[in-house]
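Step one of this worksheet: look at the structure below.
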Number of protein chains: 2
Amino acid sequence: MQANTVIRAMGALAQEHRLAAFRLLVQAGAEGMAAGAIAERLGLPASSMSFHLAQLAHAGLVTQRRESRSIIYAADYAAMNGLMAYLTENCCGGLPCEDAAACQPARPEETAL
Amino acid sequence: MQANTVIRAMGALAQEHRLAAFRLLVQAGAEGMAAGAIAERLGLPASSMSFHLAQLAHAGLVTQRRESRSIIYAADYAAMNGLMAYLTENCCGGLPCEDAAACQPARPEETAL
DNA sequence: CCTATATTTCGATAATTATCGAATCATTGG
DNA sequence: CCAATGATTCGATAATTATCGAAATATAGG
């Protein structure tokens, strides 16, 4: 992972509404949520939410797919894990230490069970 | 960990020079580095470096202690781990997944061995 | 094709942030 | 107490970012 990617991701998460949106998506799992649903949940105008979701997407933290008239956003767990790996890289002065482990996304079918 | 704390920490790391400084400190271990040494290493004027180190400190990501005329900065591993824990909290839609593990700081004495 | 729905883009404004030289503050040693 | 050293604060400027209404774009259904 490159420093610039990390900076963009950190910047994306360094904002009240984006952090809230990302957590919402992390909890929603791979099924994701429509842009409008996120906006409503967070009490933001659609245009503001769109701005923030675009930043999260540009930072690679979320994916988007169209589903009929809605655009569904979902957290990208791999990116999140990559971010954490970058932070802990070479941690503790090179001494062996418990490094960060990955978080596996739940597939929608499994979530439904 | 509170959302505001996380936002401040993310914002602190969302900047080229601060991210570089933090990584430097993470690698330096508990022994830390003097403000001037960090500035020199990163090729920044002292006043700019001081500005960035203050932000990292305010975000709780680094600690500072005076040692004679120098002020020594060191990474706060607990804060870093807390940040990662917050990101992975409730991840994967509540399903069991590999959550983030902690990174233990190396004590200076051990580093010296 | 027209209307309704979902979302994004535009534009203008307000607020925050980064930068660095100069001045200031704290500590040490003579 | 004075000079030297290490770091921070101040001040002014430039650049980036957040906000939200209005307009534009895409899709679906009658």
Side-chain angles (χ1 to χ4, degrees), chain A residues 3-25 28 31-76, chain B residues 3-25 28 31-76:
Chain A
N4 256 346
T5 309
V6 174
I7 290 170
R8 228 179 308 135
M10 291 291 180
L13 294 174
Q15 211 278 342
E16 180 187 356
H17 302 311
R18 287 197 294 265
L19 185 60
F22 184 69
R23 294 197 95 205
L24 209 53
L25 291 178
E31 197 179 343
M33 285 179 75
I38 304 174
E40 189 185 21
R41 186 73 161 277
L42 267 51
L44 280 183
S47 64
S48 298
M49 193 73 258
S50 182
F51 169 78
H52 290 307
L53 288 173
Q55 303 236 9
L56 285 171
H58 183 235
L61 288 168
V62 303
T63 60
Q64 48 189 336
R65 66 177 196 275
R66 177 173 283 278
E67 203 160 283
S68 177
R69 274 180 285 204
S70 295
I71 293 190
I72 311 292
Y73 286 86
D76 186 327
Chain B
N4 256 346
T5 309
V6 174
I7 290 169
R8 228 179 307 134
M10 292 291 181
L13 294 174
Q15 210 278 342
E16 180 187 356
H17 302 311
R18 286 198 294 266
L19 184 61
F22 184 70
R23 294 197 96 205
L24 208 53
L25 291 177
E31 198 180 342
M33 284 179 76
I38 304 173
E40 190 184 20
R41 185 73 162 277
L42 267 53
L44 280 183
S47 65
S48 297
M49 193 73 258
S50 184
F51 169 77
H52 290 306
L53 287 173
Q55 302 235 10
L56 285 171
H58 183 235
L61 288 169
V62 303
T63 60
Q64 48 188 337
R65 66 178 196 275
R66 178 174 283 277
E67 204 160 282
S68 177
R69 274 180 285 206
S70 296
I71 294 190
I72 311 293
Y73 285 87
D76 187 327

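In the text below, chain A, chain B and the rest are named by the order of the sequence lines, each starting its count at 1.
Proximity of A/Arg41 to A/Met33: side-chain heavy atoms (C-beta onward) are separated by under 4.5 Å at one or more points. Side-chain contact check for B/Leu25 versus B/Ile38: some heavy-atom pair is nearer than 4.5 Å. Taking 4.5 Å as the limit, every side-chain heavy atom of A/Leu13 sits out of range of all side-chain heavy atoms of B/Val6. Residues B/Ile71 and B/Leu53 form no side-chain contact, since every pair of their non-hydrogen atoms from C-beta on lies 4.5 Å or further apart. Two residues are said to be in side-chain contact when any heavy atoms from C-beta on lie closer than 4.5 Å; B/Ile72 and B/Thr63 fail this criterion. B/Leu44 places a side-chain heavy atom less than 4.5 Å from the side chain of B/His52.
The nucleotide range of DNA chain D contacted by chain B, defined by atoms under 4.0 angstrom from heavy atoms of the protein and reported 5' to 3', is D/dA4 to D/dT9.
As judged by a 4.0 angstrom heavy-atom cut-off over every strand, B/Glu16 is placed among residues making no nucleic acid contact. Among the protein residues, B/Ala35 comes within range of the sugar-phosphate backbone only, with heavy atoms under 4.0 Å from sugar or phosphate atoms but none that close to a base. Looking at heavy-atom distances under 4.0 Å, A/Ser70 makes contact with sugar-phosphate atoms alone, never a base. Heavy atoms of A/Ala34 sit under 4.0 angstrom from primed sugar atoms or phosphate atoms, though from no base atom.
Following rounding to the nearest Å, A/Leu44 (CG) and C/dT7 (C1') show an atom-to-atom distance of 15 Å. Between A/Leu53 atom CG and C/dT9 atom P there is a gap of 11 Å when expressed in whole angstrom units. Rounding to whole angstrom units, CE of residue A/Met49 and C1' of C/dT7 are separated by 12 Å. Taking atom CZ of residue B/Arg66 and atom C1' of nucleotide C/dT27, one finds them 6 Å apart after rounding to whole Å.
Nearest approach of A/Arg65 to A/Glu31, heavy atoms of both residues: NH2-O, 3.1 Å. When all heavy atoms of B/Leu61 and B/Ala9 are compared, the closest pair comes out as CD1-O, 3.7 Å.
Place A/Ala37 and B/Gln55 on DNA chain C by their nearest nucleotides, and A/Ala37 ends up nearer the 5' end. Comparing A/Gln15 and B/Ser47 along DNA chain D, the residue whose closest nucleotide (by nearest heavy atom) sits nearer the 5' end is B/Ser47.
Side chain of A/Arg66 to main chain of A/Ser68: a donor-acceptor pair is present (N/O by atom type, distance under 3.5 Å, no hydrogens or angles).
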Show the distances under 3.5 angstrom between N or O atoms of the protein and N or O atoms of nucleotides 28-30 of chain C.
{"residue": "C/dT28", "atom": "O2", "partner": "B/Arg69", "partner atom": "NH1", "Å": "3.4"}

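Proximity of A/Tyr73 to the phosphate of C/dA6: no side-chain N or O atom is located under 4.0 Å from OP1 or OP2.
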